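Computed from a prediction, not measured in an experiment: that's the story for all the values here.
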Number of protein chains: 2
Amino acid sequence: MSWRKDQGRAERGYHHGNLKEALLQAALDLISKKGPAGFTFADAARMAGVSPAAPYRHFRDRDELIASIAQRGFEQFESLLTQAWDDGRPDTVTAFERVGKAYLAFAREEPAFYSAMFESGLPVDSNPTLMAASERAFAIIRAAAERLAALAPPGMPRPPAMMMALHIWAMSHGVASLFGRGDAARRKLPMSPEDLLEAEVLIYLRGLGFPTDRRPGTAAADDKPAGERSGPWGKPK
Amino acid sequence: MSWRKDQGRAERGYHHGNLKEALLQAALDLISKKGPAGFTFADAARMAGVSPAAPYRHFRDRDELIASIAQRGFEQFESLLTQAWDDGRPDTVTAFERVGKAYLAFAREEPAFYSAMFESGLPVDSNPTLMAASERAFAIIRAAAERLAALAPPGMPRPPAMMMALHIWAMSHGVASLFGRGDAARRKLPMSPEDLLEAEVLIYLRGLGFPTDRRPGTAAADDKPAGERSGPWGKPK
DNA sequence: AGCTCATGTGAACGGCTTTTACATGAGCCG
DNA sequence: CGGCTCATGTAAAAGCCGTTCACATGAGCT
């Protein structure tokens with residue numbers, strides 16, 4: 001709700017003052033209220049106070065508006081992930097988990113962006129700049145995975161960073177998509193999506209042999225002596 | 001394929017010979033072709049050879065048709081998962097992975113069902129029988145997780161089966177949703193979605209302390225040096 | 001001032017969803 | 001067989017949406 005619309009002084013456009021921006025804002029509002037399917041082009045125009053034909057001066061069609069929103073979403077997403085990753089501070093594992101939480105936070109706090117990005121049904125590769133934005137966002141996760149992979153304990157095969165990144169992305173998206181959204185409309189859980197994802201990531205990292213000093217679940221306390229940290233496939237000798 | 005009257009069977013209804021079934025079939029076709037958003041009630045009616053108002057004798061509205069399809073999808077899904085799990089044969093871990101693959105196979109081979117179930121945007125709890133079907137399907141995963149949790153190594157705290165089931169579900173759904181569908185329209189991967197998910201599940205299970213030798217052999221078969229028996233992502237360099 | 005082009009309007013077309021009044025024919029009962 | 005009833009399908013219409021097109025308007029430049 002709190003968006004920087006207050007300083008529209010400088011950019012007074014032609015008739016409306018920039019309509020394009022107003023349409024994007026209206027679409028965001030509508031999508032967050034009724035989902036990307038329920039959003040209508042005409043409604044956005046009405047909300048901006050223009051005729052139903054006006055939006056066509058700024059977007060080829062309805063899909064292009066949604067794609068624009070998705071692209072902005074990816075940009076904001078990238079920025080959020082970058083901030084969460086914080087170049088791996090204070091330590092790689094902690095920062096990595098923070099990225100996962102940022103993923104969930106984004107899905108929850110920006111449902112309009114999120115659904116435009118992942119649930120709108122439009123092909124990712126329709127717009128090349130959209131795909132580029134998507135890849136830039138994913139690059140953050142990939143970079144984080146790269147750093148993490150470099151930390152893999154010696155004496156065992158190093159996990160491919162790309163694969164780790166895809167795994168983390170899939171976990172985050174899975175949790176967000178199934179349980180993450182909405183105060184109401186989703187399935188009920190024994191724990192919060194955040195805790196669920198955190199536990200999942202920790203177990204996963206432990207499976208790769210990373211020292212995960214924190215406890216992986218609410219129920220599981222400080223679980224293992226330091227000597228038994230690695231998986232059964234390659235004990236450090 | 002004509003859904004008209006070439007099925008001269010005993011089940012001839014009133015005028016059309018059961019229209020309800022024909023509509024469901026038509027909807028499945030349309031959804032698999034154009035996604036749940038692109039599917040139109042009128043098209044289904046046309047494909048069934050009836051007037052646009054006829055479907056309203058069988059479904060309250062368009063959403064109820066989609067919900068019907070989602071429900072059937074969950075039933076078929078449950079059946080598929082049950083079959084894949086096969087009561088944990090030949091061993092629990094193998095059967096568990098097979099369930100994950102079945103998840104992906106379903107998403108790929110029944111995109112219409114899958115998208116009606118997970119991407120149609122209709123609230124899961126709108127229809128109580130729909131939610132029940134969804135929970136029955138999830139119960140298979142949960143039962144499998146239960147069996148797996150019972151096998152946890154004695155030295156470690158036993159992971160909550162419910163949490164494991166949710167983790168597996170999230171992984172499977174995440175992979176399926178991001179990379180699983182389509183010969184064309186998704187992001188490009190360094191490995192198949194099946195392999196990606198299998199590796200993810202194996203790493204996860206290893207993180208829980210499970211022996212994850214892929215071959216249905218003994219659990220204690222790793223007195224080999226680390227790295228000889230390949231990890232979940234193949235041979236290390 | 002006058003030109004030009006981006007921006008917005010009004011009207012229109014076709015399609016979709018849904019409702020309403022009406023038609024039809026299947027199954028049943030006497 | 002005749003007639004009743006109700007489920008099933010039709011026709012028509014209202015209302016909305018996406019999209020297009022001819023036309024209006026006013027911003028900024030010369």
Can a side chain N or O of R46(A) be found less than 4.0 Å away from OP1 or OP2 on dC17(D)? yes
Could you state the CG-C1' distance from L65(A) to dC17(D), rounded to the nearest angstrom? 15 Å
Return the value, rounded to whole Å, for the distance between atom CG of L19(A) and atom P of dT7(C). 10 Å
Phosphate oxygens OP1/OP2 of dG9(D): is one of them under 4.0 Å from a side-chain N or O of H58(B)? yes
Interatomic distance, R60(A) CZ vs dT19(D) P [rounded to whole Å]: 10 Å
R142(A) and E146(A) ion-paired at < 4.0 Å: yes
Short of 4.0 Å, heavy atom to strand atom, which residues of residues 50-57 of chain B count as contacting DNA chain D? V50(B), S51(B), A53(B), A54(B), R57(B)
Considering only NZ, NE, NH1 and NH2 on the basic side and carboxylate oxygens on the acidic side, decide whether E198(B) and R98(B) come within less than 4.0 Å. no
What's the shortest heavy-atom distance between T40(A) and R62(A), and which atoms? CA-NE, 4.4 Å
F41(A) CZ to dG18(D) P, straight-line distance once rounded to whole Å: 8 Å
Do F77(B) and F106(B) have ring centroids that are under 6.0 Å from one another? yes
Within this structure, what is the CG-to-C1' distance between D43(A) and dC17(D), rounded to whole angstrom? 10 Å
Output the rounded distance in Å from CD (E21(A)) to P (dT7(C)). 14 Å
Kindly say whether the aromatic ring centers of F138(A) and F74(A) come within a distance under 6.0 Å. no
Do any N or O atoms from the side chain of E64(A) and from the backbone of R60(A) form a donor-acceptor pair under 3.5 angstrom? yes
When rounded to whole Å, the CG to C1' distance for the pair D63(A) and dC17(D) reads 14 Å
Rounded to whole Å, how long is the line connecting atom CG of N18(A) with atom C1' of dG8(C)? 15 Å
